[in-house]
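Each remark here refers to the structure printed beneath this line.
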Amino acid sequence: MSDSDGDGVVRASEIGESNAPPVEEKPYKIVFEANKCFGAGKCAEASRNWELDFETGIAKPRSYFIGEDELEENVRAAELCPAKKDRGVIHVVDRRTDEEIAPDPHGDGTLSVDW
């Protein structure tokens, strides 16, 4: 995936917004690196939004857009994900600010995807 500014940074606002609900309704979104998921299932234990597909061995979110009431459990799922050497493949992003809330391994709110 390339970025539109040519600065090498992938912005969360560039991912999956075409059929998104209004930001006011669902201010957070999930960016999921499914190609790096190895099916540990920690996310499904932590959040009702996540399920593990036993046929593929890959997790998936029931919804990519979440509200305040779903934020804490999805942040927990992102923090527990052991993929990418514990950096995780589940990213919770604030759509209003374009900042990664979890797991935020860089500590600066930039999206930590490896595409």
Side-chain angles (χ1 to χ4, degrees):
M1 170 173 270
S2 64
D3 62 288
S4 58
D5 294 338
D7 61 4
V9 175
V10 177
R11 287 171 182 71
S13 58
E14 298 172 354
I15 302 169
E17 289 286 326
S18 61
N19 294 318
V23 172
E24 301 77 31
E25 196 178 298
K26 301 283 185 174
Y28 306 99
K29 77 173 167 183
I30 305 294
V31 176
F32 179 48
E33 295 177 87
N35 61 325
K36 296 197 169 99
C37 176
F38 56 76
K42 301 270 186 196
C43 55
E45 291 174 14
S47 173
R48 294 177 307 248
N49 189 44
W50 288 87
E51 60 187 348
L52 187 61
D53 184 324
F54 292 108
E55 281 187 37
T56 65
I58 303 296
K60 66 179 180 179
R62 289 182 171 89
S63 175
Y64 285 93
F65 297 93
I66 58 175
E68 290 289 342
D69 59 329
E70 304 160 291
L71 179 61
E72 186 177 327
E73 68 184 66
N74 281 280
V75 164
R76 184 80 178 128
E79 290 173 343
L80 288 173
C81 180
K84 286 184 7 185
K85 298 181 181 174
D86 288 330
R87 287 183 54 226
V89 296
I90 298 168
H91 309 275
V92 181
V93 175
D94 188 324
R95 295 172 65 203
R96 299 163 293 196
T97 63
D98 219 22
E99 291 181 87
E100 181 172 278
I101 297 169
D104 194 20
H106 305 298
D108 62 2
T110 59
L111 189 60
S112 60
V113 295
D114 292 332
W115 289 322

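In this text the structure is predicted, and so the values were computed from the model without any measurement.
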Do the side chains of [X] and [Y] join up, straight or via other hydrophobic residues, at under 4.5 Å, putting them in one cluster?
X	Y	answer
Leu71	Ile30	yes
Leu111	Val75	no
Trp50	Tyr64	yes

Please check if the side chain of Glu100 supplies one atom and the backbone of His91 the other of a donor-acceptor pair under 3.5 Å.
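Answer holds: no.
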Between the main-chain N or O of Ser63 and the side-chain N or O of Asn49, is there a donor-acceptor pair closer than 3.5 Å?
yes
Can you tell me how far the [atom1] atom of [X] sits from the [atom2] atom of [Y], to the nearest 0.5 Å?
X	Y	atom1	atom2	value
Ile90	Lys60	CD1	NZ	14.0 Å
Ile58	Leu52	CD1	CG	8.0 Å
Asn19	Phe65	CG	CZ	8.0 Å

Pairwise side-chain hydrogen bond (donor to acceptor under 3.5 Å, both in side chains) hits with a residue in residues 20-31, at least two apart
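Applying side-chain hydrogen bond (donor to acceptor under 3.5 Å, both in side chains) to every pair that reaches into residues 20-31, excluding sequence neighbours, yields Glu17-Lys29, Lys26-Glu70, Tyr28-Glu68, Tyr28-Arg96.
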Are more than 12 heavy atoms, taken from residues, nucleotides or ligands other than Asn35, located less than 6.0 Å from that residue's CG atom?
yes
Counting only heavy atoms from other residues, nucleotides and ligands, does the tally under 6.0 Å from CZ of Arg62 exceed 12?
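Yes, CZ of Arg62 has more than 12 neighbouring heavy atoms, counting only those of other groups under 6.0 Å.
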Applying side chain to side chain donor-acceptor pair (under 3.5 Å), can you list everything that pairs with Arg76, at least two apart in sequence or on another chain?
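Residues passing side chain to side chain donor-acceptor pair (under 3.5 Å) with Arg76: none at all.
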Would you name the heavy atoms of [X] and [Y] that are closest together and state the gap between them?
X	Y	result
Ala46	Glu73	O-CB, 3.7 Å
Lys42	Pro82	CG-CD, 4.1 Å
Asp104	Gly109	OD1-N, 3.0 Å
Ala59	Cys37	N-SG, 3.4 Å
Phe32	Pro61	CD2-CD, 4.0 Å

Among residues at least two apart in sequence or on other chains, which ones pass salt bridge (charged side-chain N to carboxylate O under 4.0 Å, His left out) with Asp108?
none
Close side-chain approach of Cys81 to Lys36, heavy-atom, < 4.5 Å
no
I'd like to check Asp114 versus Arg87 (side-chain heavy atoms, cut-off strictly below 4.5 Å). Are they in contact?
yes
Take Val93 and Ile101, measure what side chain to side chain contact (heavy atoms under 4.5 Å, CB included) needs, and give me the verdict at the end.
CA-CA 6 Å; Val93 175; Ile101 297 169; over 6 Å; no
Verdict with supporting geometry, Lys84 and Glu33, side chain to side chain contact (heavy atoms under 4.5 Å, CB included)
CA-CA 10 Å; Lys84 286 184 7 185; Glu33 295 177 87; 2.7 Å; yes
